[in-house]
Amino acid sequence: MKNLKRFSKYSILSLLAIVLISCSAEDGMDGAVGPQGPAGIDGINGADGEDGNANVMASEWIPSGFSNDPQSFSDGFGVDDPRFTQDVIDSSAILAYGRQDTFIVNLPDTVSGIIYNFTFGIGNIFFEGYNETGSDVVFNRFDSFRYVIIPATVTEKNSHPDFSKMPYEEVMDYFDLDY
């Protein structure tokens with residue numbers, strides 16, 4: 001009797017093993033595809049943004065704030081901009097340009113001993129002119145100025161050019177910015 005129970009038990013286990021091993025995913029028909037789920041709701045994970053320019057920030061053209069009076073050494077003017085945070089200053093490339101009519105050059109720029117440059121700090125940028133000639137000059141080479149802030153996420157990648165060496169038009173085209 002004991003042998004019969006053991007034989008029955010092993011027979012059932014063997015039969016079950018054979019059935020399980022012989023089944024495969026390819027057997028049978030696939031079920032019908034279910035309906036498409038609803039679209040996600042904007043605002044939960046944020047709305048889709050526009051294709052952009054890697055969060056590059058560019059100012060409008062700023063009219064020159066240089067004095068119309070002759071200066072013997074230097075002149076300058078500042079522009080307040082809260083985008084100049086410590087994080088931006090520490091990790092971004094900041095470019096500046098001077099414009100006279102349609103003529104645009106990268107700063108710093110030097111012509112005949114007159115140097116145009118820029119500096120920046122938290123909350124502002126300062127455009128400055130230096131006179132190395134020793135005579136009085138009017139800093140009027142440019143009638144307006146503009147600056148561009150390129151975040152570190154763009155400048156860290158090896159595939160990007162050195163923006164500081166690119167002409168103004170190439171930088172604007174690279175980031176698809178208005179001239």
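Quantities reported herein were computed from a predicted structural model and do not represent experimental measurements. The first residue of the sequence shown is numbered 1, and numbering continues consecutively from there.
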What do the steps show when you test Val137 against Ile114 for side chain to side chain contact (heavy atoms under 4.5 Å, CB included), and what is the final call?
CA-CA 9 Å; Val137 296; Ile114 308 299; 3.7 Å; yes
[X]: side-chain contact (heavy atoms from CB on, under 4.5 Å) partners, not counting sequence neighbours:
{"X": "Gln86", "result": "Ile89, Asp90, Ile122"}
{"X": "Asp109", "result": "Val105, Leu107, Val111, Arg141, Phe142"}
{"X": "Asn140", "result": "Val138"}
{"X": "Tyr179", "result": "Tyr168, Glu169, Met172, Asp173"}

Please assess Val56 against Leu177 for the test side chain to side chain contact (heavy atoms under 4.5 Å, CB included), listing each intermediate value before the final yes or no.
CA-CA 9 Å; Val56 172; Leu177 297 170; 3.9 Å; yes
For the atom pair [atom1] ([X]) and [atom2] ([Y]), what is the distance rounded to the nearest 0.5 Å?
{"X": "Thr133", "Y": "Asn131", "atom1": "OG1", "atom2": "CG", "answer": "3.5 Å"}
{"X": "Ile94", "Y": "Phe84", "atom1": "CD1", "atom2": "CZ", "answer": "4.5 Å"}
{"X": "Ile149", "Y": "Ser59", "atom1": "CD1", "atom2": "OG", "answer": "8.0 Å"}

Under the rule for ring pair (Phe, Tyr, Trp, His ring centres under 6.0 Å), what residues qualify as partners of Phe66, not counting sequence neighbours?
Phe77, Tyr116, Phe139, Phe145
Excluding sequence neighbours, so at least two apart, what forms side chain to side chain donor-acceptor pair (under 3.5 Å) with [X]?
{"X": "Ser112", "result": "none"}
{"X": "Asp162", "result": "Ser164"}
{"X": "Thr110", "result": "none"}

Parallel under 30°, tilted from 30 to 60°, perpendicular over 60°: which one fits the rings of Phe163 and Tyr174?
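Judged by the thresholds at 30° and 60°, the geometry between Phe163 and Tyr174 is perpendicular.
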Listed once per pair and sorted, the side chain to side chain donor-acceptor pair (under 3.5 Å) pairs that draw on residues 66-85, sequence neighbours left out:
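For residues 66-85: Asp81-Arg83, Asp81-Tyr147.
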Applied to residues 97-106, the side chain to side chain donor-acceptor pair (under 3.5 Å) test, sequence neighbours excluded, yields Arg99-Ser144
Is there any salt bridge (charged side-chain N to carboxylate O under 4.0 Å, His left out) pair reaching into residues 113-137, and which pairs are they, with sequence neighbours excluded?
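Every candidate salt bridge (charged side-chain N to carboxylate O under 4.0 Å, His left out) pair involving residues 113-137 fails, so no pair, neighbours aside, qualifies.
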Side chain to side chain contact (heavy atoms under 4.5 Å, CB included), that's the test. Do Ile150 and Leu95 meet it? Break it down for me.
CA-CA 8 Å; Ile150 305 170; Leu95 309 174; 3.8 Å; yes
Taking Ile115 as the starting point, is it possible to reach Phe120 by hopping between hydrophobic residues whose side chains are less than 4.5 Å apart?
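No, no single cluster joins them.
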Closest contact, heavy atoms only, Ser91 versus Ala152:
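Closest pair (atom of Ser91, atom of Ala152, distance): O-CB, 2.7 Å.
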